[in-house]
Each structure stands twice: as structure tokens, then as C-alpha cells.
Amino acid sequence: MKKCSLDMVVSANIPLGSSHFLLKFTHKEKLPEMLPGQFVQVRVDNAPGVFLRRPISVNFVDKQRNELWLLVQKVGEGTRKMSEYKTGDVVNMLLPLGNSFTMPQSTQSRLLLVGGGVGIAPLLYMGSLLKQQGCNPMFLLGARSADGLMQIDDFKQFGDVFITTEDGSAGEKGFVTQHSILQQHIDKIYTCGPTPMMQAVARFAQNNAIECEASLENKMACGFGACLCCVTQTQSGHKCVCSEGPVFNTKELSWQI
């Protein structure tokens, strides 16, 4: 898939609580084809302490509006600068980067998409394409409290949504791996979020003979597999998450699960 450097125009910047925001971008020409699980590298201008592009998962692609959505968490100088973008600002991106989630062969498969925190981002686009294909995906979204839940109404457009919060303020109390939906039959799991959460999901999948794909969130600098800072250990050696991932079948990963 061809990679592009595009000057994207901010069409909306929507705060989602105190530490997250949703950026929407458009372009004068038709956006390139993007797959669920891929990411972009955002150049952050006018930020003296930011030298590298910021990798952000593709959250959603609205083809009717020719719009790309990025769900971002404020964690450092780069993302704080991004939170200040205004409608009409021009932002350069490299896209699309990385591989993607695997679409199921059968529309009858029971598919569960499990996300935590800002890791829910790639699951929205994946869910939309699954629905478009004729599947009925289920979403299991976790947060520390109700305040950390995001885009719930968006997810509900594409499937049933189940929620866990650690403090019990919304949905079932506990972690995603403790939700009662996991007692039902599941054919495949897709997951993204904090590594300990994904490892717990992978352990559940392994113990129940369920196929599972995880989108890793290793730190990335170049996005092309040149700098080697995002390398992860797999059953077949070291692999660059940015170029050979970010999506891996969890059987490939050398996780101690």
C-alpha cells in the first residue's frame, strides 16, 4: 500500500474529558485507502522540544465526508501541542503506515473487540468495516472509571457495547477479562490497549482456544522500521512493530502469558 505525505486540514478538535481529544482532518483530494489497525505519523510544528513525528492510530475514516479521525491522549509536549489545533490548521502526516487487523472469513463468526483507554481507537474503524461486511461485532471497553469512557455512542452504531470500570461507576466492576460476556462463545478477539491488559486478554484467548490479534503500542520514531526503537520479541525473532505490525497474532508474541 502506497505511503503518502499529506498536508491535512483540521476540521474539528473535540475535547473528550481532561486528557483526551478527538481530531478530525480532511483533505482537498480523496484520502488514500486505510485499513483498520494502521496508523499515521503526525509532524508537530512550532513545538521546539518535539523532534519526532507522533504515531497515532487511525480511529475512523468517514468516506462520505473525506475525513480522518484521530483519538489522542495528552501525555507529553507533542500531544499537548496537538490538543491546541484549531479548525483550518494544516498538519503534515505520513499515512497509512503498518499492517492491519485480519477480516474474518465468515460473517457468522462471533467477534469480540476489546479495548482499554485510548487503545479503543483502532477498534472503532475495525468495527465499522466488520458491520459493513455483514458481521455483528461486539465491543468490550474498559476504563478506570466512567469518566474515562469515550465514543460509546459511536461504537453502538456498529455493534453491542459492553463496559467494565475498575471502580464500578459504569458497566460491570473489574477488568475487561472479568466481564460476563466472556462466558459466551467467541470465535475471535481483536484487542488494543495497555500491554498488561492485552496480555491478560491473550491469556484468556489461549486458555480458551480463541484466535486473538493485538495491536501493539510500542514507542515508534520513524514509522518505517529503520530506527529499530519499536522492536518486539516474537516466536520468529525480533520484529519492528511499526513496519511488521502493529497488529500481531498473539501466538506470535513472546509474551509470558
Side-chain angles (χ1 to χ4, degrees), residues 1-3 32-40 55-61 63 68-69 71 95-116 119-141 155 158-161 176-177 181-182 184-193 195 197-218 220 223 225 230-255 257:
M1 184 174 288
K2 184 179 178 181
K3 300 173 177 61
E33 187 69 25
M34 285 174 267
L35 301 176
Q38 291 188 306
F39 66 99
V40 306
I56 309 291
S57 294
V58 172
N59 176 226
F60 188 70
V61 179
K63 294 186 177 180
L68 166 67
W69 297 11
L71 178 63
L95 75 162
L97 301 175
N99 66 356
S100 64
F101 289 116
T102 304
M103 300 299 285
Q105 294 183 345
S106 171
T107 59
Q108 301 304 310
S109 297
R110 287 183 58 81
L111 308 171
L112 183 65
L113 284 65
V114 184
I120 68 171
L123 303 182
L124 181 64
Y125 188 37
M126 179 59 174
S128 72
L129 295 184
L130 287 171
K131 185 70 172 179
Q132 194 177 100
Q133 183 176 294
C135 299
N136 292 300
M138 301 177 292
F139 302 97
L140 176 54
L141 310 177
F155 279 101
F158 308 119
D160 293 331
V161 176
V176 290
T177 48
I181 189 62
L182 297 179
Q184 298 184 21
H185 173 75
I186 299 167
D187 292 307
K188 187 167 185 177
I189 295 174
Y190 303 91
T191 187
C192 185
T195 298
M197 184 212 80
M198 290 194 292
Q199 290 175 329
V201 172
R203 185 182 307 116
F204 169 83
Q206 177 179 281
N207 291 341
N208 291 275
I210 300 170
E211 286 293 310
C212 181
E213 290 184 357
S215 178
L216 305 192
E217 295 188 318
N218 295 34
M220 303 177 194
C230 65
V231 165
T232 193
Q233 179 64 39
T234 73
Q235 301 296 334
S236 55
H238 290 95
K239 291 189 177 181
C240 289
V241 171
C242 69
S243 58
E244 298 174 272
V247 178
F248 293 89
N249 188 303
T250 53
K251 293 178 182 177
E252 295 180 54
L253 300 169
S254 298
W255 282 349
I257 60 174

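Note that these values count all heavy atoms, side chains included, but never hydrogens, waters or copies made by symmetry.
The OG1 atom of Thr250 lies 10.5 Å from the CE atom of Met198; values are rounded to the nearest 0.5 Å. The distance from atom OG of Ser215 to atom CG of Asn99, rounded to the nearest 0.5 Å, is 8.0 Å. With rounding to the nearest 0.5 angstrom, the SG atom of Cys212 is 9.0 Å from the NZ atom of Lys188. Once rounded to the nearest 0.5 Å, the distance linking CG of Leu130 with CG of Leu113 reads 6.0 Å. With rounding to the nearest 0.5 Å, the separation of CD in Glu252 from CD in Glu244 is 9.5 Å. Taken to the nearest 0.5 Å, the OG1 atom of Thr177 stands 9.0 Å off from the CG atom of Leu140.
Using a 4.5 Å cut-off on side-chain heavy atoms (C-beta onward), Leu71 and Leu124 make no contact. Pro104 places a side-chain heavy atom less than 4.5 Å from the side chain of Cys135. For the pair Glu217/Cys192, a side-chain contact is recorded, criterion being any heavy-atom separation below 4.5 Å from C-beta on. In this structure the side chain of Met220 reaches within 4.5 angstrom of the side chain of Pro246, judged on heavy atoms. Looking at Phe39 and Pro122, their side chains never come closer than 4.5 Å, going by heavy atoms from C-beta outward. Between Leu95 and Leu68 the shortest side-chain heavy-atom distance falls below 4.5 Å. Inter-residue side-chain proximity for Leu129 and Phe158 is flagged as unmet; no heavy-atom pair is nearer than 4.5 Å.
For Asp187, the side chain to side chain donor-acceptor pair (under 3.5 Å) partners two or more places apart in sequence, or in a different chain, are His185. For the side chain to side chain donor-acceptor pair (under 3.5 Å) test, residues two or more places apart in sequence or in another chain that qualify with Thr102 are Glu213. A search for side chain to side chain donor-acceptor pair (under 3.5 Å) contacts involving Lys3 returns nothing, not counting sequence neighbours. Every side chain to side chain donor-acceptor pair (under 3.5 Å) that Asn136 has, sequence neighbours left out, goes to Lys131.
Across every non-hydrogen atom of Gly115 and Ile120, the tightest pair is C-CG2, 3.8 Å. Heavy-atom minimum distance, Phe139 versus Leu123: CE2-O, 3.7 Å. Nearest heavy-atom pair, Leu182 versus Phe204, reported as atom, atom and distance to 0.1 Å: O-CZ, 3.5 Å. Scanning all heavy atoms of the two residues, the minimum distance from Ser100 to Leu35 falls at CB-CB, 3.5 Å. Minimum interatomic distance between Gly127 and Pro137 (heavy atoms only, all atoms of both residues): O-CG, 3.9 Å. Gln38 and Pro96 get closest at one heavy-atom pair: OE1-CB, 3.3 Å.
Around the CD atom of Gln105, the shell of radius 6.0 Å holds no more than 12 heavy atoms that belong to other residues, nucleotides or ligands.
Aromatic ring pairs are classed by plane angle as parallel below 30°, tilted from 30° to 60° and perpendicular above 60°; the pair Phe101 and Tyr190 is perpendicular.
Applying the salt bridge (charged side-chain N to carboxylate O under 4.0 Å, His left out) test to every pair with at least one member in residues 199-212, sequence neighbours left out, gives these pairs: Glu211-Lys251. Sorted by first and then second residue, the salt bridge (charged side-chain N to carboxylate O under 4.0 Å, His left out) pairs involving residues 95-113 (not counting sequence neighbours) form an empty list.
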Yes or no on side-chain contact (heavy atoms from CB on, under 4.5 Å) for Val176 and Thr191, after CA distance, side-chain angles and deciding distance?
CA-CA 11 Å; Val176 290; Thr191 187; over 6 Å; no
Starting from the C-alpha separation in whole Å, work towards a yes-or-no answer on side-chain contact (heavy atoms from CB on, under 4.5 Å) for Ile210 and Leu112.
CA-CA 11 Å; Ile210 300 170; Leu112 183 65; over 6 Å; no
Please walk me through it: do Met34 and Lys63 pass side-chain contact (heavy atoms from CB on, under 4.5 Å)?
CA-CA 10 Å; Met34 285 174 267; Lys63 294 186 177 180; over 6 Å; no
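Between the side chain of Ser109 and the backbone N or O of Leu111, no donor-acceptor pair lies under 3.5 Å.
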